[in-house]
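Here is the structure we will look at.
The figures here come from the full heavy-atom set of this structure, side chains too, leaving out hydrogens, waters and symmetry mates. For this chain, numbers begin at 1 and follow the sequence in order.
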Amino acid sequence: MTDITDEICKDDTFIFEDMEIDPNEQLSQHQEDGGSQQLLHGHELANDPQSQDEHKLERIPYVGMEFPDEEEAFRFYLDYAKSRGFGIRRGHIYRSSKSQLITCRHFVCDKEGSKCMKDKRQLEKTVYRRRDTRTNCQARMVVSKMKSGLWTIKTFGDAHNHDLLTSPSKVLKIRSHRHISDTCRSLMEALHKSRVGPSQMSRILNETLSNTGSAQITREDCSNHLRAVRSNNIGQECMAIVKFFKEKKLNDDFFFFDMDLDEFGQTRSVFWADGRCRMAYSEFGDVVVFDTTYQTNRFCFPFAPFVGVNHHKQSILSGCALIADEKEESFLWVFQTWMKCMLGKHPQTIITDQDLAMGKAIAKVFPNSGHRLCSWHIGRNSMKYLVDLKSKEGFMGDYNNWLHRSASIEAFESKWGELKATYNIDDKHWLSKMYEIRHKWVFLYWQNIFTAGMTSTQRSESINSFFDGFVNSQTPLDEFVMQYDKALCARRNDEENEDFKTLNSMPNFHTGHPIERHAGEVYTRAVFNIFQAELRESDSMLAERIRDGTDHGKYKVCNHIVIFRRDGIEDGEPIATCSCKKFETEGVLCCHILKIFKKKEVAKIPKNYILRRWSMVARYRSNVMMVDTSNNAFTPLMKWSAQNMCFRIAQSISSLEMYDKIMPKLNDIFKMVGDFSNAREHVLRTEQSEANEEIIGSSSFPATSCGDDVCGPHISILDPKRVKSKGRPKVNTRIKSGIDIQLSLQKKRTCSRCGKKGHYMSTCTFGKTISLNCYINLIHISIDHDFYQ
């Protein structure tokens with residue numbers, strides 16, 4: 001505003017040709033009723049040069065004092081008020097009728113004015129008012145802009161109707177003197193990003209700034225500043241997310257993100273995954289848990305992480321999304337975008353809760369992947385929906401035998417007919433509906449499918465619990481994305497610590513068997529502990545040979561059948577299967593097979609029983625991805641791996657000598673590519689690659705990014721509608737399931753008098769109201785009776 005004023009004031013007559021400033025007349029226009037002021041008028045001090053010289057030496061305002069701009073006048077009066085022991089604030093202003101520029105400004109004492117007494121007490125309501133801080137003080141300084149462009153004091157009143165503060169420490173507590181430096185504000189924001197609360201933040205700042213002589217920072221100061229920062233960011237959160245993602249893209253060439261917008265440009269869904277998440281998925285993407293029961297932002301967007309398990313049995317993230325709702329369209333967008341990010345590699349197994357819309361989306365996007373329902377949710381629902389059947393004698397025993405002790409799928413389906421007929425279970429019952437989707441949750445249908453030992457969404461729940469230390473239900477979207485990045489770094493630090501402990505230590509062997517030592521060499525520390533427990537448990541087992549006339553060795557070990565044979569020749573690779581299916585589902589040999597291996601003197605774990613995902617070979621070391629070429633088919637993953645290799649070569653060239661040696665070899669490679677381009681076989685491959693790119697999306701590769709399309713120069717991304725909430729923000733806001741809602745309804749008390757829930761008869765107001773009405777009616781009857789008598 002000052003710069004604009006200076007430009008316009010080059011023509012002095014432009015501002016003041018239509019007005020004459022009379023300070024006394026202006027001041028009377030805004031004088032409070034009943035107030036009195038003691039002012040030193042300009043003409044009285046202007047004729048006293050000695051008084052002006054004394055005021056200049058003592059830095060006391062006087063009429064006629066000039067300042068280059070309005071802000072300089074305010075700072076001068078602020079310093080004067082600080083030395084005297086009172087606070088100030090900006091008061092009334094006057095503008096030019098033509099240019100609308102400020103020509104006069106009042107700086108008043110902070111106790112000027114009085115509190116308005118019009119409140120709810122006029123409606124006969126009880127009001128608890130705060131203590132009054134205004135005393136209608138008339139001390140002020142009025143500055144006006146002259147034709148020369150300078151600001152001069154026209155009126156100065158220094159008579160206060162209240163006591164002035166004399167203690168410097170108390171003066172610094174006045175609002176106008178509580179100046180918080182930019183460095184301190186930046187430190188507040190940095191501490192807030194590290195999830196430091198206002199109380200701890202104020203203690204840290206005061207300890208840091210204890211020797212600077214500044215005012216003590218209070219908890220309210222920290223809260224007010226952070227609230228102001230959030231208010232300034234309203235409406236810009238999604239654009240801030242895009243800027244943050246583009247910055248991540250500069251440091252991580254394989255960073256991927258995408259956003260879904262509605263027809264009005266408002267954000268519906270956001271997905272992102274960095275390069276390491278994509279690399280981890282290439283190693284551990286066989287089993288994924290997907291859950292949306294966690295809300296972590298003030299827009300109530302469900303947080304949808306893709307969670308897996310690494311070689312240390314730790315939970316890892318393969319990308320995450322914030323979705324607007326839990327409809328099929330939203331799930332379709334998330335799953336399709338995730339496949340673009342992961343170059344079309346489908347997981348073998350995906351575990352979710354029992355959500356109908358999610359199940360339909362999974363069937364469309366992952367037709368060849370196994371979809372398993374969370375066993376924990378099914379167990380919770382059984383507590384609710386099997387109440388009527390549990391009351392029948394013998395049902396629980398038959399139910400457990402049917403569900404857990406069926407020897408085969410045929411026996412399972414046969415027992416269902418018997419169970420249904422015995423206990424009169426109709427087709428509309430919950431158990432009948434669950435039987436129709438039995439292939440999604442019954443173990444017999446999953447005994448040959450690898451799940452990494454996961455049968456529920458507990459991994460996802462643990463990730464949500466881990467994020468509680470970084471976000472809450474009132475976290476803005478842009479802040480959530482940054483805090484997510486910090487949480488991800490903390491998880492990866494745990495993985496690196498476990499890598500170090502595995503590489504820098506030797507396992508303790510308990511049995512001395514060669515197969516135990518071999519397991520200690522190939523497995524990570526966490527997986528070796530599981531293997532060692534199985535091996536020790538096998539020592540207490542007995543193996544009984546079953547003669548069935550076949551060439552294979554068949555053994556019974558603790559009610560489980562183990563079939564052992566060797567591949568081809570007598571000394572070939574040992575092959576064993578067990579009816580417990582532990583290796584098929586978890587990837588670690590069970591104690592039953594290990595018992596037979598020790599009996600057959602197998603000294604090492606066969607190669608077929610060592611999964612790469614449980615060994616240290618799968619640890620994160622570089623950006624090079626292992627690509628499977630055994631199927632003789634070109635895949636987008638191969639193209640990404642080759643592009644990654646070229647990118648690493650370009651990044652590693654750091655000298656002229658390296659450049660001279662590498663460039664001739666690269667030229668030979670490009671000549672080879674040119675030769676292939678002339679062949680028809682290469683044309684077919686190119687067409688296939690282009691078709692794959694249309695499915696996967698060119699944004700998946702480092703050359704381009706979804707972010708480049710989303711945040712174009714002509715596209716504006718709007719924040720979604722804000723969801724208001726009351727009360728203290730919850731740390732975690734897990735969406736309640738049907739069983740949670742039902743249990744909460746059952747806990748409510750039922751009144752035996754009125755039949756309503758939430759109270760007992762002793763606290764029921766219905767009976768008291770009836771009694772009071774009866775008492776009033778009796779009084780009226782008694783009065784009427786006395787009147788007629």
Side-chain angles (χ1 to χ4, degrees), residues 245 252 254-260 269-296 301-311 313-324 326 330-353 355 357-359 361-366 368-374 450-467 471 480-481 484-485 487-489 491-492 495 613 618 620 625 637 696-697 700 706:
F245 285 162
D252 183 0
F254 289 93
F255 185 85
F256 178 97
F257 75 97
D258 199 357
M259 304 181 75
D260 182 29
S269 302
V270 184
F271 174 85
W272 72 98
D274 61 5
R276 185 161 176 178
C277 286
R278 303 172 78 180
M279 297 295 177
Y281 181 77
S282 67
E283 292 285 356
F284 312 111
D286 42 13
V287 183
V288 173
V289 178
F290 184 75
D291 183 63
T292 59
T293 58
Y294 192 67
Q295 295 175 345
T296 54
F301 275 19
F303 175 51
F306 293 88
V307 182
V309 58
N310 66 1
H311 53 304
K313 287 282 186 175
Q314 296 173 327
S315 299
I316 59 172
L317 285 163
S318 301
C320 75
L322 294 170
I323 57 179
E326 294 183 274
S330 300
F331 288 129
L332 280 173
W333 182 88
V334 171
F335 293 147
Q336 290 171 355
T337 305
W338 185 51
M339 282 294 94
K340 291 179 183 179
C341 176
M342 300 307 170
L343 301 172
K345 179 182 177 182
H346 291 216
Q348 296 180 14
T349 306
I350 182 168
I351 303 174
T352 69
D353 58 1
D355 187 278
M358 189 188 301
I362 290 175
K364 293 179 180 179
V365 182
F366 310 114
N368 299 322
S369 300
H371 180 202
R372 176 159 186 169
L373 300 180
C374 173
F450 181 73
T451 60
M454 296 184 291
T455 59
S456 67
T457 58
Q458 183 180 3
R459 290 273 178 187
S460 183
E461 297 283 353
S462 65
I463 288 289
N464 296 341
S465 177
F466 177 75
F467 281 135
V471 296
F480 167 79
V481 173
Y484 165 86
D485 198 52
L488 200 59
C489 291
R491 300 294 294 187
R492 289 170 179 170
E495 179 181 340
R613 67 167 355 270
Y620 177 79
M625 298 179 60
L637 195 61
I696 298 173
S700 300
C706 267

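Put simply, the side chain of Thr455 reaches to within 4.5 Å of the side chain of Arg372, judged on heavy atoms. Residues Phe256 and Thr337 meet the side-chain proximity criterion, which asks for heavy atoms closer than 4.5 Å. Considering only heavy atoms from C-beta on, Trp338 comes within 4.5 Å of Pro347 through its side chain. Residues His371 and Phe366 fail the side-chain proximity criterion, which asks for heavy atoms closer than 4.5 Å. Side-chain atoms of Ser369 and Gln348, non-hydrogen and from C-beta on, never get closer than 4.5 Å to each other. In this structure, the side chains of Val288 and Val307 stay at 4.5 Å or more apart for every pair of heavy atoms. Under the 4.5 Å side-chain criterion, counting only non-hydrogen atoms from C-beta, Asp286 is in contact with Phe450. Side-chain atoms of Leu373 and Asp353, non-hydrogen and from C-beta on, never get closer than 4.5 Å to each other.
Here CD of Gln336 is found 11.0 Å from CG of Asp258. Values are rounded to the nearest 0.5 Å. Interatomic distance, Cys277 SG to Leu488 CG, rounded to the nearest 0.5 Å: 5.0 Å. Taken to the nearest 0.5 Å, the CD atom of Glu326 stands 3.5 Å off from the OG1 atom of Thr292.
Residues Glu283 and Ala618 approach most closely at OE1-CB, 3.9 Å, considering heavy atoms. Nearest heavy atom pair, residue Met339 against residue Lys345, reads CE-O, 3.2 Å.
The ring-ring contact (aromatic ring centres under 6.0 Å, His included) search around Phe331 returns none, not counting sequence neighbours. Scored by the salt bridge (Lys or Arg N to Asp or Glu O under 4.0 Å) test, Lys364 finds Glu328 as partners (sequence neighbours excluded). Residues that satisfy the salt bridge (Lys or Arg N to Asp or Glu O under 4.0 Å) test with Asp355, not counting sequence neighbours, are absent from this structure.
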- request: Would you sort out whether Met454 and Ile351 count as a side chain to side chain contact (heavy atoms under 4.5 Å, CB included), showing the intermediate values?
  value: CA-CA 8 Å; Met454 296 184 291; Ile351 303 174; 3.9 Å; yes
task: Would you please test Ser315 and Val289 for side chain to side chain contact (heavy atoms under 4.5 Å, CB included) and show each step?
output: CA-CA 10 Å; Ser315 299; Val289 178; over 6 Å; no
task: Give the C-alpha distance, both sets of side-chain angles, the deciding distance and a yes or no for salt bridge (charged side-chain N to carboxylate O under 4.0 Å, His left out) between Arg492 and Asp274.
output: CA-CA 13 Å; Arg492 289 170 179 170; Asp274 61 5; 2.7 Å; yes
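Taking the six-membered ring where the residue is Trp, the centroids of His311 and Phe284 are separated by under 6.0 Å. No close placement of the Phe306 and Tyr281 rings is indicated, their centers lying 6.0 Å or farther apart. Taking the six-membered ring for Trp, Phe245 and Phe255 have ring centres closer than 6.0 Å.
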